[in-house]
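Accompanying notes for the structure given below.
Values reported hereafter were calculated over all heavy atoms of this structure, with side chains retained and with hydrogens, waters and symmetry mates removed.
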Amino acid sequence: MRIELDLGNKNYKLKVGDKRIIDNSNIEEVLNGTFGAWEINEKSYIASSNAKAKKDTNKITVSKSALLGRALYPVVEDGAEVDLVTLLPLSLYINKENREKFANLLKGDYKVANPNGATKCFTVRSVEVFCEGFSSLILEPSLLSEPIFLVDFGGVDVTGVFVNGTPDTSRMFTSEKGMNIFFEGLGKEITSKTLSTCTEKDAELYFNKYESLPNSLQELIDTYATDYINKNIVTPLADKGYNSIIHKLVCVGGGAIALNKYLEEIGLATLKNALWSNVEGAAALSRLRGNN
C-alpha cells in the first residue's frame, strides 16, 4: 500500500487513499512497562501531547522511525508492505546524504503494540523523500513562474527561501523558532505578566481560546505574536533581500494557519490548504516520477 506522510515536529499528517489523519507528533522514549506506552521495535514510547515536544530541527532520529510506526499502526493490516512518500526540511533536504539517511532510517520491519498489547508487524519497503515547503508550490505552479519568498512555519523550524522556479539556497534562512518554541515563549510571557505559572501546553490552550479571553490577555498575545513574527520572519526576510514591491510572500505549514491574522498584517499570503499542501505536493511529485 502507498502512504503519504509528513512526520512534522508538532503534528503528523497522513494520507492513504481518500483517508486523512492528523495527530500530535510528540513522542518520548520511556521505561518498559510505563502506563499508556506503545511498544515499537522493542522500545517503549509515550506518543501523545503529554510527551515532551521536539525543539530541534533534526528529523533523522530514531524517534522519527518510532513515530512512523505509531502513525502507520491504525491504517495498515498486520503483514502489510508500505511504499512511503515523506518530507524533509529544506535545510536538511539540500544534502543528498541526509535524504538517503532519512529513507534508510524509515525503511525496514516494524513491530508495534498499542497500549492494550494488540500487535501488528509490517514493512516499509520503499521511501521517497521530498522537500518541505517547495513541494507545496507544485499545487500552484503559477507561483513557480514568478519571484517569491516562501516561508514554511512548522513545529520547530521557520524557513524562508527565495524561489524563482527552484529554491535559491544562497538566499535562505532557517531557525528553530517554530510553533513549539512560540508556545514555550508565550508561556513564559504569560507567567511573567500574570505572576501565575503558565506552561507551554497551557499557553497553547490560551492561544486557541483567544476570542474568549479578557482584553488584557488578548493584548499580551497580540504583542508577543507581533514581536515574534517581526524578529523571526520580517527581519530575516529583509536580510535575504525580500522587497514587497517586487516579491510575493507565501507561507505554508501549520504555523501559518495558527498565526494567519498576524502574518496578513505584514502582507504574507497563506497558501491555500497550507496544512496539507506539503503532503499533497509530495504526492504529486511522486506521481510525476511515475509512482502511483
Side-chain angles (χ1 to χ4, degrees), residues 1-27 47 54 57 59-60 63-76 80 82-94 98-99 102-103 105-107 122 124-141 143-144 150-159 161 163 167 174 178-180 250-260 269-292:
M1 62 188 303
R2 172 188 166 91
I3 291 177
E4 293 125 15
L5 176 62
D6 180 357
L7 291 165
N9 288 323
K10 185 165 183 59
N11 295 297
Y12 69 82
K13 280 80 70 178
L14 182 151
K15 186 173 181 290
V16 53
D18 295 328
K19 186 174 185 177
R20 298 184 181 197
I21 295 174
I22 181 169
D23 202 353
N24 187 278
S25 61
N26 293 358
I27 191 161
K54 201 171 188 298
T57 300
K59 282 189 173 183
I60 310 171
S63 66
K64 285 301 181 187
S65 63
L67 178 61
L68 175 61
R70 162 66 184 92
L72 293 182
Y73 180 93
V75 298
V76 303
V82 175
D83 296 315
L84 183 69
V85 176
T86 192
L87 300 120
L88 267 180
L90 177 59
S91 58
L92 296 174
Y93 182 87
I94 55 177
N98 286 338
R99 303 197 294 270
F102 194 51
L105 172 73
L106 300 180
K107 284 179 191 175
F122 47 87
V124 176
R125 66 181 182 183
S126 70
V127 179
E128 288 184 278
V129 181
F130 294 95
C131 180
E132 289 179 20
F134 182 68
S135 296
S136 298
L137 298 180
I138 301 302
L139 302 178
E140 293 195 28
L143 293 175
L144 294 173
L150 174 69
V151 178
D152 192 340
F153 209 127
V156 168
D157 294 322
V158 178
T159 299
V161 64
V163 179
T174 187
M179 291 307 291
N180 291 344
V250 178
C251 193
V252 297
I257 296 172
L259 297 174
N260 185 60
T270 300
L271 197 69
K272 294 176 183 178
N273 197 23
L275 189 62
W276 286 94
S277 57
N278 270 318
V279 172
E280 293 182 353
L285 287 168
S286 178
R287 288 193 294 272
L288 288 173
R289 290 181 176 178
N291 300 317
N292 297 305

>> Please report the interatomic distance CG(Asp18) to CZ(Arg20), rounded to the nearest 0.5 Å.
In response: 9.0 Å
> Closest approach of Val75 and Lys19, non-hydrogen atoms and distance?
Replying inline: CG1-NZ, 4.3 Å
>> Tell me the closest heavy-atom pair linking Val85 and Ala283, and the distance in Å.
In response: CG1-N, 4.3 Å
>> For a 4.5 angstrom cut-off between non-hydrogen side-chain atoms, does Leu7 reach Phe102?
In response: yes
>> Do Met179 and Leu259 have side chains that approach each other closer than 4.5 Å (heavy atoms only, starting at C-beta)?
In response: yes
> Nearest 0.5 Å, what's the CG-CG distance between Leu105 and Leu68?
Replying inline: 8.5 Å
>> Given Lys15, which partner from the list Val279, Ile22, Leu5, Asp6 fulfils the side-chain contact (heavy atoms from CB on, under 4.5 Å) test?
In response: Val279
>> Let's go through Asp83 and Arg125 carefully: what are the C-alpha distance in whole Å and the side-chain angles of both, what is the deciding distance for side-chain contact (heavy atoms from CB on, under 4.5 Å) to 0.1 Å, and is it a yes or a no?
In response: CA-CA 6 Å; Asp83 296 315; Arg125 66 181 182 183; 2.8 Å; yes
> If you round to the nearest 0.5 Å, how far is CZ of Phe134 from CG of Leu143?
Replying inline: 11.0 Å
>> Quick check: do Glu280 and Asn273 have side-chain heavy atoms less than 4.5 Å from each other?
In response: yes
> Tell me, do Val161 and Leu90 make a side-chain contact under 4.5 Å, heavy atoms counted?
Replying inline: yes
>> Just so I know, are the side chains of Lys54 and Lys64 near enough to count as touching, which here means a heavy-atom distance under 4.5 Å?
In response: yes
> salt bridge (Lys or Arg N to Asp or Glu O under 4.0 Å) with Arg287: which residues, sequence neighbours excluded?
Replying inline: none
>> Applying the side-chain contact (heavy atoms from CB on, under 4.5 Å) criterion to Val76, which one of Val16, Val124, Ile3 satisfies it?
In response: Ile3
> Would Tyr93 and Val129 count as a side-chain contact (heavy atoms from CB on, under 4.5 Å) if you check the C-alpha gap in whole Å, the side-chain angles of each, and the deciding distance to 0.1 Å?
Replying inline: CA-CA 8 Å; Tyr93 182 87; Val129 181; 4.3 Å; yes
> So which heavy atom on Gly8 is nearest to which on Lys59, and how close?
Replying inline: CA-NZ, 3.8 Å
>> Can a side-chain donor-acceptor contact be found between Thr159 and Asp152 if the only test is distance below 3.5 angstrom?
In response: no
> Who are the ring-ring contact (aromatic ring centres under 6.0 Å, His included) partners of Tyr73, not counting sequence neighbours?
Replying inline: Trp38
>> Would you compute the distance between atom CZ of Arg99 and atom OG1 of Thr86 and round it to the nearest 0.5 angstrom?
In response: 13.5 Å
> Ile21 and Trp276: which non-hydrogen atoms are nearest, and at how many Å?
Replying inline: O-CH2, 3.4 Å
> Quick one: CG on Asn9 to CD1 on Ile27, what's the gap to the nearest 0.5 Å?
Replying inline: 12.0 Å
> Can you tell if the side chain of Leu150 reaches within under 4.5 Å of the side chain of Leu137, non-hydrogen atoms only?
Replying inline: yes
> Distance-only, no hydrogens or angles: does the Ser286 side chain make a donor-acceptor pair with backbone N or O of Ala282 under 3.5 Å?
Replying inline: no
>> Please find the pair of heavy atoms, one from Ser126 and one from Lys107, that lie closest to each other, and give the distance.
In response: CA-CE, 4.4 Å
> Among Lys13, Lys10, Arg70, which residue meets the salt bridge (charged side-chain N to carboxylate O under 4.0 Å, His left out) test with Asp23?
Replying inline: Arg70
> Under 4.5 Å between any side-chain heavy atoms of Ile138 and Leu144, yes or no?
Replying inline: yes
> Could you state the interatomic distance from CG (Leu285) to CD (Glu4), rounded to the nearest 0.5 Å?
Replying inline: 11.0 Å
> Is the shortest heavy-atom distance from the side chain of Cys131 to the side chain of Leu88 under 4.5 Å?
Replying inline: no
>> Please find the pair of heavy atoms, one from Ser136 and one from Asn278, that lie closest to each other, and give the distance.
In response: OG-OD1, 3.1 Å
> Would you say the side chains of Ser25 and Asn11 form a donor-acceptor pair under 3.5 Å?
Replying inline: no
>> Assess the residue pair Leu84 and Leu106 against the criterion (side-chain contact (heavy atoms from CB on, under 4.5 Å)); give the C-alpha distance rounded to whole Å, side-chain angles, the decisive distance to 0.1 Å, and a yes or no.
In response: CA-CA 9 Å; Leu84 183 69; Leu106 300 180; 4.0 Å; yes
>> side-chain contact (heavy atoms from CB on, under 4.5 Å), that's the test. Do Asn98 and Ile60 meet it? Break it down for me.
In response: CA-CA 8 Å; Asn98 286 338; Ile60 310 171; 3.8 Å; yes
